Each structure stands twice: as structure tokens, then as C-alpha cells.
Amino acid sequence: MLSAALADGIQIAGRHGDEPIALDETFAPLVSTGKGAALPMERTPALDGVDFVTIGDRRDPIASGGLLGTVRHLLVGPARTLNHRFGDATAIAAPWHNASPTETIEADFAIVGGGIAGLSAAAAASAAGKSAVLVERTDTLGGITRYFGGIDGEASPDETITELLAGLEGKTPVTVLLRAEAFAIAGTTLRVHQVVVDGDRPTSRVVAIVARHIVIATGAMERLPVFPGNRTPGIAGALAAYMRAERYGVWPGRRALFTTPQSFAYRLALHAADAGVAVQRIVDSRLAPLSRFVDFAKAMGITLASALAPSHAEPLERNKPGLRVSFSVNMDEISHDASAIETDQLIAAGAWQPDIMLWLRAGGAAAWDETNGWLAPRGSVATLSLAGSAAGLRTNAAALASGKAAILTQLGKSAPRVVDHVIEEAFETPDAHTSVAPFRPHAKGNTYLDRGASLITRRSAETSRHGISGIAVRPVQLSLGDIAAAVDIGSMAARDAGSVAAERCALAGEITDTGWRVHPPAPATAEVPAPPVWLTGRFGDKPQVWAIASADARNFGPGCLVFTNSETSDPLKAIGIIYAAPLPGTHGGIAIMAGTPDNASLFVRDAGTAVASRLTGQLKLKS
Amino acid sequence: MASDGFDYLIVGSTPLAGLVAGLLASAHGKQVCIVGEPFSPFRLQRSLTLSVAPVTRPETLILLQRAAAEAVRLVNGWGKGLVTRVDPLFIAETPESIAALGYFRQLALALGYAVEPVADRSLAEGLILRVRDVQLLGHGRFEPALEQWLGQHGVRRLDRAEAAVSIRKDGTARITAGELAVDAARSILLDDEAILTHLPEDSRDRSLVEQPASALLLEGAKGLSAPYLAFLDRGVTLTQDGRAGVSALTSGDPATTRARLGSAAARAGALRIAGEMVFNTIATTDGAPYVGPARGGKAVVVAGLGPAAAFFAPAVARHLAGASPADEEAWFAARGATRGNLRLQAAEYAPVSA
């Protein structure tokens, strides 16, 4: 659905304030066919003859739908926006988070993530004759390894994937759930939401997977570079752009501008150029980067720039394709604006962040990794293993080995050593951290910390009421990218990042009234109730229990204090306390007393009023 | 004063720990080192600290009233908005809780609190009390001011992640952090996490028990019906945190946490979870505060002061410094280690964990 919408020229999810927000894989509204539950746009297949509506607040529901919408379409052309309105409140919650599973699958292993690490784990389980369920968010297996390509001396990504897919049919075939997202984990039980096609309509189900061991191979996410206007429609992450093009053939516009802190975006630019896209420039935030891809780009005559990062982006015209992008020098704290460039699409590659959301949901810990500039998993969780990029590994070889090792270790077998050997710096400049433009409080356009639904802006993160960051006070679920960006811009201490991620990223769902109530009060009995334990010693070692009647025939509420005269109100001078309702057929109340008063006439203070009362008889407690 | 170290080692990260440390230094002239977790505004609130609590011992409410007035004066002297005035609602639904809250109402009225019953059956069946003009510590604003105040009074603050603390049986302690290696003459464990970290179960008084709890940050379109709601029988406390935010604390059975929370916040409609943290707290079996020694040792343990803990700080500091007047000393004496039925004389209403 999402790729179909993008292919149809719909680049805008809606507006946040007056800011158009790009529609993308991490920010797409729920959709519905009008029958059945809401579905995630990015996991729902577009089917012939099935109409969908998106769900959420709209800016002008009358003008954008029905007859007026049709007229508008005829007059001004197809809409580029889903026309939603995003306020400070987050978008509609995914309803499946609170749904009960309709099916339970039991297996030896549950493997989350159908990239090469997950496939390697699944193939190892299958080869060992163990049952395994492989859960993959998209509709294809293989993950993102094709984006990175291969290196000399290794099998190509396609060869690797083909071999791994064959491995799923080992001694015990692997059960594969596509378009399925593991959204909750408790012990060794996963809850998975899957979009399925029932007849000719998409629908969904929630499945519980009960496994002896779970392998988390959820890969890595690409961070959003931090600059004003960074969610302007027409900006896409390099990985997202690659996947759209590779899987669905979607590539908006005829010209593209690339900005990157790592070398693989060059590879995408080369593919784009091969496909006839005018690659206007590749702008690298690193100084004089070295890479085989840089050399290839030079050889193809693509204009390259280094030590520059995007500093601003804005639409060329309201509700029209195209954007204008400015860059600034990004070196040694020096900030100097370079000229602006107009383009159809800005491919803004970001640094990587291991996807450890499920790990955190399982109770795993995380900490800021200063070297890599990401939140890394820490410690261990019984019955869980991490593999591939989710574990912070960078290479295909390490991903393959870690997936296999996760299974073999559990089976008590000898596991391959996981070696994550990256190309030496002399040949390949290491990835830089996500670029951060200089903070200009009055810059036009919001600077978002991440692509997700939290819509936290740099302005709110850096300043807020009473000097407290907006991240702290805004009650929204944060993404790992929000936290990583908050560390990068200095609004969150790196030491807090892991704890905040565990508290603010891990959970989702809603709290609703399920009808739970406090047990109803027990019916009154004629027996004299015992004084509560919190009155022990209040009136000496041998308190007495008395029935007290008021002169005005009222019943006293529990807790009224009993005094010898009407002037005293000091609770320390009280000689008794009403602690229970009167016996049936009487009025007043039952009091615990310090002893037998000299005078049967006394006063009970009821909400400040001294009420003349008298003792009517001492009561015996049932032993 | 210790010649080469500290008079007191305070272990704890809560407002109570900070206030006691600062008061020992500022009001009692002691050398104090506090080891705790540095404040982070991004972490969820593990306490919602109010200047009043539904206690059932008059001497406790008298002490709290006096100490809270001192604490509010002190904190207001640091700057504006560090405590805010709220009218909390306390809600009792079982006969036992209704009796206890009813008694609290009479005590509070007698002591000059503005307390009124609220008839709102849509909120809960039972007894609902509103207490007016109560002070709530302003999370996020109070803590930085506290840290600044501690610095002004020479309190040495150490990050617990970087400091090693070894508490000896005689109550003295060795503190090492980087180049620093010093002794403290007395060790005070001033919050639940400090007790859980530094005292194994067999070194805790028999009245102390672990209790699961959770802190949540929730997003809701509708506001709560009061800025502070304490459901005694549901083990749920809610505060309105900004226009759309709700902070919640729950205690009791984790299996029913969400159901209890959902029932307590029913009026606010569906609440989106924006954060959750599960942790353990220390409660007392008799509901009374515990201020006494570790079992088989002399380190001082402070626990069970409830949601008003920080507002007891001036009295706790006086007690630790040996400067309490007679009535306060009697209060602390009755809330020490378990010996015979002594603690029963101080038992407080303790809601049954839901």
C-alpha cells in the first residue's frame, strides 16, 4: 500500500502544524478497507479492486473526500497528500497491541527477522531437525544485505540468500510468517501481528509463538540526519529508497541528490545513475572519504563533495514536488553555509542504529556506544539471543555466523566463531556518525530527531518550559533514533540513554478500563467487628469497645473522635474513636475507648462539630 | 566530625535522601557524602511526593505537618515553582480503607487541614476525600535545585555507578571512587533501592518486605478528574503531568497492574503508554515507617515513610544528628527495630495489595 501510494505521487502523510511531513515506512497511517480491523499501511499488500481509507484526523475532511474531493482532483490534479493532521498527540495506536492471540504456535525456536542473520539461524535450526518459526516484517526474505552488496572473496548477496532459503527446507521445514511483526515478548512467548490475504481481501491476525528459545535478528535502522526541514516530502533514507526501488520499482523524480556519512549510499547512487536518474551530487559528511564506491562514482563522472552536511531543506512550492537543499561545512565545529541545490529527491543516508526494540521489550539492557554512536544491547537475557546487525555486527560474515551460533549454542553444539572484520581504514573510510546541522532556533522548518511517530523536534528537545527538555515532558513513546539524536545534539547525557531507552521505547499499547473493580464490601453482620490493627495501642493496653448513641440520632462515620467535653479537638486528647457502624437497630457507632469513662455523657466530633452523645453499653468482641 | 572522612554516608537517590543529606550538612554542621544516581529528567518518576498522606496515627500527622512546613519553607527559599499547590483526592473503597480514611479525615480536620468529602460515584464507590492546599514536589525542577543546594553546603555527591560502598557491621563505611578512598562514621540507607542493593534480605528487619511497583508515563486526550488521585485499594496513584501527560505509580500484584490502572483512569479514557519501568520497593508489614538499624548491624535504615517521605526530611535529619525534641524522639523510638509488640503500637493503615 505504501509503495503504491508513493508510486502514485503521494509523498505527504499530512501536516504537523504547518509542516508537511513525508510519508514513509516509519510514518504511515493505518488503513482500512471499511471491513475488519485497521491494518499497517507499510505491511498491507495493494490488491486489485480493493479500496482503502487511511485512518486518523484530517485537516479538511470535507474538501478532501467525496464529491468535493473528486472535483478538486479534476481541477488541481491528483493529491500529493493523505491530508492528515498531526498534533502534539501521537497518531492512532495500533489496535493489535491490546488484542488477544487467535492462534498459538509452539516451536523449538522463534526467530525474529528474515535477513541473513535470521535466515542463517532458521537454516541451522532446520538442519538440526528442530522446529522453528521465522517472523519477517516485509513480504520478502533476505533483508537488507543486497543494499550493501558483496565483497571480493565472498558469495554475492543473491547467492547467499538463495543458499539460505534452500536451507529452510532442511530436516524440519521452517514455518515462515511474512508481513508479520513481533510486537510483544514475555519470557519465551512472542506476540506477532500478521497481515494476511483472506480470499481477495487483506486482513490480520495476532499469533502467539511459544518457543524454547528466541533469536532476535531484527537488523538495523537508518537514522535521520538532523537538520531543519529533514522530514520534508521528497527526502528519503538511502536504505528506504533502495528498498522501494528494488522491491517495488518506485523512484520519484528524474534527478536526485545524495548526502551520506557512509560509503554504501554511493553504491545506491551508482545504481540510480545506471537506471537513468540524474545524480546531481553525492555530498559526504566525511573529509576526503576513501572507498571503492567513491572511486566508481568518480569514474562515472558524478560530482562529489566532502565535509559537507545538509543544513536546510524546504519544498520548492507548497504541495508541489521538488525541494531545495542547503549544505554547510561540517568540520571541526566550523559551520559555513554552501550554496543551495534544487532537486526532485534528497537521499539522506544516516548512521546505523541496531534495532533492539524487541530486546528492550524482553527486559534487555542497553547503553550508549560512544565509538559507534548508537544504542547497543548490554548484558544477557535468558532464553534470548541477538544476531546480526541487532547485535551491533557490521559484516555479512559475522551476521551469518551469529545466526548459526545462536542456534548451535542452544543445542550444545560447537558454534562458529563470530568475527566482524571490517575493511581496513586505509581502504575504506569508516562510517561517520549522523550529521547534525548547527542549531539555529529561528530556522525555517522543523528539525525532527527521528522519522517515527513521536514528532519530537530539536527545538522542543533543546528547550522547554522551566529548562526541562521536551523529551522529558512530552508523554509519547520515543524511538531509538529519538534518543540517539538527543545524545548527538547534547540534550541527553549519554549515560542516561540506555535507561531512557528501556523505559521510554520498549512498551506500546493502551491502558483501558477492562472492568476490573475492587472487591465489593462484605455485607454487614450483627457481630461486633474487631478494631483495626492501626488502632493497636492507641488507647492503652486494654481498650474497651462501646456502643455510642448520639443525642440527635445520627450515625457517625468511621474515624470520628470521642472527647469528654465539647471544647477539645486535639486528637491526642481523644478518649476514643468510632471505628464501625452502629449495631442493627441502633444509631451512633461503635467506638474503641481508653477504658470506662467517668461520665457516660461525652462528645463525638463529626467533621469538626461536637455532637452530644452517650455510652449505651460495653460490647464484647467475639474471641 | 570525622577527621579524615565523613560523618555520614547517605545512600539514596530520592528527594528524601538529598534533603536529609543537605540538612545534616546545613542545619547540623556535619560532613556528608551522598552516593546515589544523578538526577535525569528523562527517567520516569519513581515517587510522586506529596506533603500529606492518609496516615492513621495522630502523632505521625502532627510530625508530618510540622516537618512539611519546614521543608516547604526550605525549598521555597531555593526558587519558585519547586513545589506546587494541589488538591489531591484520596479514594477508599473497602470497609477497612473507608474506616482508615474516615479516621484520617477527622485527624486532619482537627489539625487544621482543609479536608472535604467528594461525592463522585463515577470515580469510585466508597469514600473520596479532597485535601486542599497540599504541596507536591515539582519533578524535574526540584531535583536540579536540590543538587545546587547540596553543592552550596559542601555535600560530596558521588555517582553510584562510579563509587564503591562497603558498609561494615559497626555502621561505618568505606567509600571509594576514583582517587577518593575515605571512611564515613555512620551509614544511612535512605531509599528502597539503597536497602535492596546494600542489605541482603537476612540483614533487614523482619518488618521490611519487598513489594513490586511500576512507574508509567501515559498520554491521554482527556485530563484526570483531579491533579493527584490516590486509589488506596487499587494501589494506583495518578498525577496530571502537563496537558496530555499522566504519571502513574502502581504497587502490588504485577499481574493486575494494567487492569487496576485502567479502572483507576477510566474517566480519562484510553491512555497510551509512553513509558514504563518496573522496580521493587520496600514496604513494612505493619504499615508503620521504619527508622532503625539493619539486622545484626548498625547502619541505619529508613523505609516505609510513604508518598510524603521527602517532607519528613527535617525530622529525620534531626533524629540522625541526635537533635530531636522529646516528642520526635519518642516517635522514632516507636518505629525502630521489631521487638515484641512495640511496633504494633505504631502500626498504620496499610492497604491490602490488590
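Quantities reported herein were computed from a predicted structural model and do not represent experimental measurements. Chain identifiers are assigned alphabetically (A, B, ...) following the order of the sequence lines, protein sequences preceding nucleic acid strands; residue numbering begins at 1 within each chain.
- The candidate from B:Ser247, B:Ala100, B:Gly140 with the greatest count of non-hydrogen atom pairs under 4.5 Å with chain A is B:Ala100.
- Counted by atom type alone, B:Arg260 and B:Thr256 present one or more donor-acceptor pairs between their side chains at under 3.5 Å.
- Checked by atom type, the side-chain pair B:Ser207/B:Asp286 shows no donor-acceptor distance below 3.5 Å.
- No other option in B:Gly245, B:Ala259, B:Ala110 has as many heavy-atom pairs under 4.5 Å with chain A as B:Ala259.
- Only the side chain of B:Leu111 comes within contact range of chain A, judged by heavy atoms closer than 4.5 Å.
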message: Using the rule given for side-chain hydrogen bond (donor to acceptor under 3.5 Å, both in side chains), can you reason through A:Ser550 versus A:Ser613, listing the C-alpha separation, both sets of side-chain angles and the distance that settles it, and then say yes or no?
response: CA-CA 4 Å; A:Ser550 66; A:Ser613 304; 5.4 Å; no

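- Heavy atoms closer than 4.5 Å to chain B are found nowhere in A:Ile483, neither backbone nor side chain.
- Of the listed residues (A:Pro532, A:Gly608, A:Ser499), the one with the most heavy-atom contacts under 4.5 Å to chain B is A:Ser499.
- Heavy atoms of B:Arg105 lying under 4.5 Å from chain A belong exclusively to its side chain.
- For B:Leu127, no part lies near chain A; criterion is any non-hydrogen pair under 4.5 Å.
- Pairs engaging residues 572-583 of chain A under the salt bridge (Lys or Arg N to Asp or Glu O under 4.0 Å) rule: none recorded [sequence neighbours left out].
- With chain B as the partner, the residue from A:Arg605, A:Glu510, A:Arg517, A:His97 showing the most heavy-atom pairs under 4.5 Å is A:Glu510.
- With hydrogens and angles left out, the side-chain atoms of A:Asp450 and A:Ser479 include a donor and acceptor closer than 3.5 Å.
- Looking at B:Val246, B:Ile128, B:Leu123 one by one, the single match for side-chain contact (heavy atoms from CB on, under 4.5 Å) with B:Leu229 turns out to be B:Leu123.
- Using modelled atom types and a 3.5 Å distance limit, the side chains of B:Glu348 and B:Thr56 yield a donor-acceptor pair.
- The choice from A:Ile578, A:Val533, A:Asp513, A:Ile511 that makes the most heavy-atom pairs within less than 4.5 Å of chain B is A:Ile511.
- Only the side chain of B:Leu217 comes within contact range of chain A, with at least one heavy atom under 4.5 Å from a heavy atom of that chain.
- Among B:Gly220, B:Ala248, B:Gly275, B:Ala215, the residue making the largest number of heavy-atom pairs under 4.5 Å with chain A is B:Gly275.
- Taking the six-membered ring for Trp and thresholds of 30 and 60 degrees, B:Phe90 and B:Phe104 have ring planes more than 60 degrees apart, a perpendicular arrangement.
- Listed options B:Arg43, B:Glu96, B:Gln345 were ranked by heavy-atom pairs under 4.5 angstrom with chain A; first place goes to B:Arg43.
- Contact annotation for A:Arg538: both backbone and side-chain heavy atoms come within less than 4.5 Å of a heavy atom of chain B.
- Heavy atoms closer than 4.5 Å to chain B are found in the backbone of A:Ala502, but not in its side chain.
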message: If you apply the rule side-chain contact (heavy atoms from CB on, under 4.5 Å), what do you find for B:Leu129 with B:Val118, and how did you get there?
response: CA-CA 6 Å; B:Leu129 285 188; B:Val118 175; over 6 Å; no

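- Of the atoms belonging to B:Leu109, it is side-chain heavy atoms, and not backbone ones, that fall under 4.5 Å from chain A.
- Looking at A:Thr568 and A:Asn565, their side chains do bring a donor and an acceptor atom within 3.5 Å of each other.
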